[in-house]
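Worth saying up front: this structure is predicted, and the values here are computed from it rather than measured. When a ligand or atom number is given, it counts from 1 through the structure's own listing order.
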Amino acid sequence: MLVAMQTLESAPRTNVIVKKSPVTGEKLGEFPIVDRAGVEAAVARARSAFASWKQTTVEERIAMLSRLKEVLRAHRDEYAQRISEDTGKPLVDSVMTELLVVPAFLDHYKKTAPKLLARKKLPGSILFPGKAAYQEHFAMGVVGIISPWNFPFQLAVIPALSALIAGNTVVIKPSEVTPITGEIVREVFQRIGLPKGVVEVVQGDGSTGAALSESMVDKIFFTGSVATGRRVMAAAAKRPIPVELELGGKDAMIVCADANLERAAKGAAWGGLVNCGQMCTSVERIFVEASVHDRFVELLLAEVKKVKVGGPDEGADMGPMTFPKQIETVERHVKDAVEKGAKILFGGKRVDRPGQFHEPTLVTEVRPDMEIYAEESFGPVLPVVKVKDVEEAVRLANDHQYGLNGSVWTRDLKKGMAIASRLECGQVTVNDVVTSVGNPGLPFGGVKNSGFGRYHGDEGILSFTHTKAIMADRGLLSSEPFWFPYGGKKYDSLKEAFDGLAGGSLPKALYHFVGMMRAK
Ligand code: NAD
């Protein structure tokens, strides 16, 4: 496996990220931490580049950025290997969940972005007859993108592409947990030959992220934990600049009595264990109607038993946990659940080998007072809750601090859609898991502690712009009904116009608006 080594023998250890393999625990390299001055310099370079980048057309920007497709194709295996080395995830996951989305997004926005960003004519107003109304969008400036370690390529590159297509320049701060992928992010943008400063990458830890959120950026797009999200928002409030927070989740899966249980069990196993469960949209609470609970659990157990755990070179379905601290969270949640009466049907502990491997874990008889239910586990655990009926499932699904994703399983699609509409979260799949996030046309984001703001879809481009309203008059008249002077009969005409408008008589309103001009 290719090792991305960046040794800095002379640098003091405190100024570097020491990267260790999640598979073996061996040191893979050291990566310099960019300090506050370095972040400010990167933001200044991005600011200079913005002046000319914003002058390009959206078609030109998409054409330049689409060169990424060729770069990813040419280096597909190398990048997949390096991402897997960094995160421990299977090669299948590296291509499927990190690289594959990029061409799909570029193609989607090639079709939609030019229209989205074009000036639109909007309906005029009875208050201002004869004036044309328009809406247009303009780029914000420099966007700071702070990304996490679970999908370290995709979660840096997709928001960056959205911001760039909208005409902004970006400064990306990848996670210190996955600096090898941070270098890939830098490389892919370098390889497409963008003008200097259009994409800046500043590797580093929380201090680098804090420096970026306190710098002169014009927007922060943050993906990560709730605790850090709060800090980023507090920093942004000082200037103030817009912030988008893509935070954690505790996604509910509702298995109705009439579901295709075989499909639901396979969906739960994949949706809860893909990427070792380190996914904001991971299945984290499985509500099953009592009448099918035992059968579903039996099927799910069979699926979980089949999941092969190992490193990227071992043809495994599930790799190690990427972040050493996260495995401790999973262990704490499992322990607490067992102490409070939950049953472990499979797994429940670390795998006895080097690295950060944890067994795929199926837990039943889970209750809301358990940490494994109340907190985000972000690991390979499948907590199952038996519910009386769909009503109880929907109530429990919604009565939670998080609201990111959810799924509903039933053979009755109409019923599934109705339940989907009742879930308090950003996106729902019916008889499927996770996939909505991969559809570039659908907005993605959360509610409650899962954050706010949307990226992907139309909103994913527009959220990186300011919206401008323009009202245009030909300028032929020498005055306007609402302008000075206010004397004479102006107030009487205004009252008549108001009564016409409020009373539903538009001709009357119009007549008196014109009268206001003549009132002396
Ligand atoms: P984290 O909050 O620890 O770190 C995220 C990023 O913030 C890192 O780059 C980190 O260096 C940086 N950071 C740390 N302190 C900072 C500070 N004070 N100011 C600015 N930046 C700072 O999160 P993580 O552990 O990397 O990621 C896991 C979390 O991310 C989970 O909760 C997961 O659910 C969430 N997540 C959400 C989504 C989503 O789209 N909603 C997607 C993936 C992950």
Side-chain angles (χ1 to χ4, degrees), residues 17 31 33-34 36 39 86-87 97-98 101 144-159 162 171-179 181-182 185 201-215 217 220-238 241 243-251 274-284 321-330 375-379 401-405 425-427 434 436-438 442-456 460 463:
I17 300 162
F31 297 79
I33 291 173
V34 177
R36 187 169 289 270
V39 169
D86 202 13
T87 58
T97 66
E98 300 271 20
V101 286
I145 294 170
I146 302 175
S147 55
W149 47 263
N150 59 330
F151 294 106
F153 186 78
Q154 195 213 133
L155 294 178
V157 170
I158 296 295
S162 312
V171 179
I172 302 171
K173 208 301 273 176
S175 170
E176 64 273 38
V177 181
T178 47
T181 311
V185 172
V201 177
V202 287
Q203 291 259 40
D205 56 11
S207 67
T208 313
L212 183 58
S213 35
E214 288 157 18
S215 72
V217 290
I220 298 277
F221 184 93
F222 173 79
T223 309
S225 63
V226 179
T228 313
R230 285 200 180 100
R231 284 186 209 116
V232 168
M233 199 167 164
K238 289 192 183 140
I241 54 167
V243 181
E244 207 160 311
L245 299 181
E246 302 286 346
L247 310 176
K250 194 74 190 174
D251 298 354
V274 64
N275 210 44
C276 200
Q278 304 164 119
M279 191 164 65
C280 53
T281 55
S282 195
V283 170
E284 288 224 13
M321 301 203 65
T322 302
F323 185 32
K325 279 203 182 133
Q326 202 61 40
I327 202 163
E328 292 165 19
T329 304
V330 171
E375 305 293 329
E376 185 183 42
S377 302
F378 218 57
Q401 59 165 321
Y402 289 112
L404 191 56
N405 243 54
C425 55
Q427 40 279 315
V434 182
S436 60
V437 63
L442 285 177
F444 180 82
V447 302
K448 305 182 193 174
N449 276 358
S450 294
F452 53 79
R454 294 292 179 270
Y455 79 126
H456 304 183
S463 66

* Asked: Just how far is it from atom OG1 of T281 to atom CD of Q427, taken to the nearest 0.5 Å?
  -> 8.0 Å
* Asked: Once the angle between the rings of F323 and W149 is folded into 0 to 90°, is it parallel (under 30°), tilted (30 to 60°) or perpendicular (over 60°)?
  -> tilted
* Pairing residues for V101 by the side chain to side chain contact (heavy atoms under 4.5 Å, CB included) criterion, not counting sequence neighbours -> F105, Q154, I158
* Under 4.5 Å between any side-chain heavy atoms of F221 and V232, yes or no? -> no
* Structure fact -> Sorted by chain and residue number, the ring-ring contact (aromatic ring centres under 6.0 Å, His included) partners of F153 (sequence neighbours excluded) come out as none
Between ligand 1 and the protein, give all atom pairs where both partners are nitrogen or oxygen and the distance is under 3.5 Å, as lines of names plus distance to 0.1 Å.
residue  : atom   : partner : partner atom : Å
ligand 1 : 2 (O)  : S225    : N            : 2.9
ligand 1 : 2 (O)  : S225    : OG           : 2.6
ligand 1 : 2 (O)  : T228    : OG1          : 2.7
ligand 1 : 9 (O)  : S147    : O            : 2.8
ligand 1 : 9 (O)  : K173    : NZ           : 3.0
ligand 1 : 11 (O) : K173    : NZ           : 2.7
ligand 1 : 11 (O) : E176    : OE1          : 2.6
ligand 1 : 11 (O) : E176    : OE2          : 3.4
ligand 1 : 19 (N) : A210    : N            : 3.3
ligand 1 : 23 (O) : S225    : N            : 3.3
ligand 1 : 25 (O) : W149    : NE1          : 2.8
ligand 1 : 26 (O) : W149    : NE1          : 3.3
ligand 1 : 30 (O) : G224    : O            : 3.2
ligand 1 : 32 (O) : E376    : OE1          : 2.7
ligand 1 : 34 (O) : E376    : OE1          : 3.4
ligand 1 : 34 (O) : E376    : OE2          : 2.5
ligand 1 : 41 (N) : L247    : N            : 3.3
ligand 1 : 41 (N) : L247    : O            : 2.7

* Structure fact -> Sorted by chain and number, sequence neighbours left out, side chain to side chain contact (heavy atoms under 4.5 Å, CB included) with P152 holds for T87, K89, E98, T178, T181
